[in-house]
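Numbers restart at 1 for each chain; the letters A, B, ... are given by sequence-line order, proteins then strands.
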Protein chains: 2
Amino acid sequence: MVDVARLADVSVATVSAVVNDKGGVSDERVKRVRDAMVALDYHPDQIARSLKVGKTHVIGMVVPDITNPFFLEVVQGLETEALQNSYSLILCNSGEDPQRERDQLSTLFSRRVDGVVLGCTDSSSAYDGLIRRRFPLVFIDRLPIGFTGGAIVSDNVAGAHEATRHLIELGHTRIAIIAGELRLSNGIDRVEGFRKAMQEAHLPVREEYFSRGDFQIESGYRHGLELLRLAEPPTAILACNNKMTLGLMRAVGELRVPCPEQVSILGFDDFEWAANFSPKLTTVAQPTHEIGRQAMKMLLSKLKPSGGDSETPADSLVVLRTELRIRESTAPPPAR
Amino acid sequence: MVDVARLADVSVATVSAVVNDKGGVSDERVKRVRDAMVALDYHPDQIARSLKVGKTHVIGMVVPDITNPFFLEVVQGLETEALQNSYSLILCNSGEDPQRERDQLSTLFSRRVDGVVLGCTDSSSAYDGLIRRRFPLVFIDRLPIGFTGGAIVSDNVAGAHEATRHLIELGHTRIAIIAGELRLSNGIDRVEGFRKAMQEAHLPVREEYFSRGDFQIESGYRHGLELLRLAEPPTAILACNNKMTLGLMRAVGELRVPCPEQVSILGFDDFEWAANFSPKLTTVAQPTHEIGRQAMKMLLSKLKPSGGDSETPADSLVVLRTELRIRESTAPPPAR
DNA sequence: ATGAAAGCGCTAACAA
DNA sequence: TTGTTAGCGCTTTCAT
């Protein structure tokens, strides 16, 4: 920078002003500085700038499972929005491991990220401290139980409810669910929506039709096999996320159970390839990109309290609508 | 830091030594410092550290298409390796847009990343400058034509060759290819492998069987429709990447062409769901995680020339083997 | 074994 | 409009 200043025969303050479009610099000097900058191939050092201004213009995102297309799409939405506001993204994957999540958060803080978007893995209250200290943090997809603070989630209760109703309206009565992790809000809410719909239709939730998975492919597969091998198997199965749906479909395929003739499959989470399966999957689509975009917006509103137009309220729970996409994997139950 | 020093009643230099495990500090003082650190919930400021030492311990990765599971898996491999060496990752998506790629690279440099892993979008020679200036840069998956420098790629020629041979051995003679972008090495090489195998078998590459896609789903779909609607359609189709394979499968499904009975499909790139399609897809699997891991290793070897044991040579072209995974989408051609 | 002090490249008062 | 200068929080000689 001093080199640029010297070459342009101005002070470093002037160079700084030019670099940051501060104005108040005569056109002629602006030109001289600009020329010197290209002549020296000068790139302003964001690190030094960050140290001085206390802001890095970097936000951290920690996702529980980068393998999951759902989070990928969220990341995309986030990235788009971040880019537009010239924020960079440090991406971390906790792999559903609370300890790793803590580590990642810690390095993120050390790197002085301006804010964090978090798909939490834990329902611990370790976050409370951060929130109380008003560290810009927004949760996505899942909430620790009893959580208050900024978050963007899908309406999991309504989504599961609508999905179950669809099955019921098709005439199913023997409906099974492969639930997910029940320590986080999303798993809980989806089960709740399911139960609600069943209850409203005066349908029992049989114990053997309720399986508790862990959101991974393998558990969808294993529980799928179990359910389909029951003496009286369900005629419809709701899988509570994309990966478990995948595992379930594998089970269906291996057992050669005709779908949807023999069993209807409905999966939570839509993904790009759901429409390419045969049969094409009926799914509950979450507005993934929108989740990412809104999360970034909420974060931005926390970062610059200047924005008086609270387009995205800074500390609210935003619940986004899901959409039932009816395709080919759901149909009326087989006639007996 | 001064607070910690004060509380522990030592100098900041001592605190620094403790934080960085420098040794040469009496046990008693180490303990005092450690206690003070937790008492004050002190997190060392990496930004300030970076400014001082001139290294950020951050590496940048710019991928051409974050939507593509291939790059995702590469990112995973990279992330794993990076984490183990306590590097963080700034992830950028160029969206196959050379201009955006340049912008992303520029901000990455401003952020003083220690190195960059790049899936380039352009075959421009803009990279030469960087390379000459010995900026730590490693390419993955694709190379600008005529490129020299560090890179990790798959053996695309051999992969496509093996795939095509598989089709030929099955008895196919009317084999079509949906090629990808031909300005980058990967697209070119896959076509070359295909041509080579055809030539060796004295099979013609008919013009109407050679379609030029762009690596996106849509183009796989469109070209798929075209090929399948030909008066004399091919009995086997090789799609040159995962997304085009997906589009192709959609075309196959819509046209209700029995696969593999009527047409065999072979896709470049394996992905987690390839085995869940029906029919299960025969694919050429690239060692995605390995690409990421090796890329990071190569970068590391450039970052610390200390490592005399050149486990990963710093500036070589590493070509990784692909693996043909034969599943259900390829079979002998229909009897006439 | 420990501490004092000089910067890393930048920004933002403040002065001129 | 322009320049001088004091730090931002850390590391690292160099004394002690």
Side-chain angles (χ1 to χ4, degrees), chain A residues 1-37 39-58 86 88 106-114 135 304 306, chain B residues 1-37 39-58 86 88 106-114 304:
Chain A
M1 193 168 189
V2 303
D3 293 342
V4 174
R6 188 154 33 214
L7 181 56
D9 194 28
V10 298
S11 74
V12 289
T14 305
V15 176
S16 176
V18 171
V19 167
N20 298 300
D21 292 319
K22 274 282 198 321
V25 181
S26 69
D27 292 358
E28 191 239 333
R29 295 175 92 107
V30 170
K31 183 175 178 335
R32 255 160 48 203
V33 172
R34 289 254 149 77
D35 288 349
M37 281 171 52
L40 297 173
D41 191 29
Y42 166 78
H43 291 262
D45 187 327
Q46 287 298 331
I47 294 292
R49 173 168 220 284
S50 295
L51 179 61
K52 180 66 192 176
V53 302
K55 253 108 203 58
T56 53
H57 248 66
V58 174
S86 56
S88 293
S106 176
T107 80
L108 250 18
F109 295 144
S110 270
R111 294 205 188 290
R112 294 294 184 261
V113 293
D114 291 346
F135 179 85
K304 34 182 164 181
S306 53
Chain B
M1 193 169 191
V2 305
D3 294 342
V4 175
R6 187 153 34 213
L7 182 56
D9 193 28
V10 299
S11 74
V12 290
T14 305
V15 176
S16 175
V18 171
V19 166
N20 298 301
D21 292 319
K22 272 282 197 321
V25 181
S26 68
D27 291 358
E28 191 239 333
R29 294 175 93 108
V30 170
K31 184 175 177 336
R32 261 168 35 209
V33 171
R34 288 255 150 78
D35 289 348
M37 281 170 53
L40 296 173
D41 192 28
Y42 166 77
H43 292 259
D45 187 327
Q46 287 298 331
I47 294 293
R49 173 166 221 284
S50 297
L51 179 62
K52 182 66 192 174
V53 303
K55 253 107 204 58
T56 53
H57 247 64
V58 175
S86 56
S88 293
S106 175
T107 79
L108 249 20
F109 296 144
S110 269
R111 294 206 189 289
R112 295 293 184 261
V113 293
D114 290 347
K304 35 182 165 179

Are any of A:S16's side-chain N or O atoms less than 4.0 Å away from OP1 or OP2 of C:dC10?
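For C:dC10, neither OP1 nor OP2 has a side-chain N or O of A:S16 closer than 4.0 Å.
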Is there a side-chain contact between A:R29 and the phosphate of D:dT2, meaning an N or O under 4.0 Å from OP1 or OP2?
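Checking A:R29 against D:dT2: at least one side-chain N or O falls below 4.0 Å of OP1 or OP2.
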Return yes if the base of D:dG9 and the side-chain atoms of B:K52 contain a donor-acceptor N/O pair under 3.5 Å, otherwise no.
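Flag unset: no donor-acceptor pair detected.
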Without decimals, in angstroms, what is the distance between [X] [atom1] and [N] [atom2]?
X	N	atom1	atom2	result
B:H57	D:dC10	NE2	P	17 Å
B:E28	C:dT2	CD	C1'	13 Å
A:H43	C:dC10	NE2	C1'	17 Å
A:R6	D:dT2	CZ	P	20 Å
B:Q46	D:dC8	CD	P	19 Å
A:D27	D:dT1	CG	C1'	12 Å
B:F109	C:dG9	CZ	C1'	19 Å
A:D21	D:dT1	CG	P	15 Å

Could you please name the option among [options] that lies closest to any side-chain atom of [X]?
X	options	result
A:R49	D:dT12, C:dT11, D:dG9	C:dT11
A:P44	C:dC10, C:dT2, D:dT2	C:dC10
A:K22	D:dG7, D:dT11, C:dA12	C:dA12
B:S11	C:dA4, D:dC10, D:dT1	C:dA4
B:A13	C:dT2, D:dA6, C:dG3	C:dG3

Upstream residue (5' side of DNA chain C) when A:I47 and B:S26 are each assigned their closest nucleotide
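Taking each residue's closest nucleotide, the earlier one in sequence belongs to B:S26.
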When the nearest nucleotide of DNA chain C is assigned to B:V53 and to B:V10 on a heavy-atom basis, which residue is associated with the more 5' position?
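Its nearest nucleotide lies further toward 5', so the answer is B:V10.
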Sole residue of A:V19, A:V25, A:V4 in side chain to side chain contact (heavy atoms under 4.5 Å, CB included) with A:T14
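That would be A:V25; it is the only one of A:V19, A:V25, A:V4 passing the side chain to side chain contact (heavy atoms under 4.5 Å, CB included) with A:T14.
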If every non-hydrogen atom of B:I47 is compared with every non-hydrogen atom of A:S50, which pair is closest and at what distance?
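Nearest heavy atoms, B:I47 then A:S50: CG2-CB, 4.0 Å.
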Select base, sugar-phosphate, or nothing to describe what A:V2 touches, counting heavy atoms under 4.0 Å on all strands.
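Contact class for A:V2: none.
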Could you check whether A:K55 gets within reach of a base, just the sugar-phosphate, or nothing at all, counting any heavy atom under 4.0 Å?
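Nothing, no nucleic acid heavy atom in range.
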Return whichever of B:L51 or A:T14 has its heavy-atom-nearest nucleotide of DNA chain D closer to the 5' end.
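Its nearest nucleotide being more 5', the pick is A:T14.
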Would the number of heavy atoms belonging to other residues, nucleotides or ligands and lying under 6.0 Å from CG of B:D27 be above 12?
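Counting neighbours around CG of B:D27, 12 or fewer heavy atoms of other residues, nucleotides or ligands fall under 6.0 Å, so no.
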Is it true that the side chains of B:R111 and A:S88 contain a donor and an acceptor less than 3.5 Å apart?
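The answer is yes; a qualifying pair exists.
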Kindly say whether B:Q46 contributes a backbone atom to a donor-acceptor pair with the side chain of A:S110 at under 3.5 angstrom?
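Here the side-chain-to-backbone pair does not exist.
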Backbone of B:L51 reached by a side-chain donor or acceptor of B:R112 within 3.5 Å
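Such a contact is absent between B:R112 side chain and B:L51 backbone.
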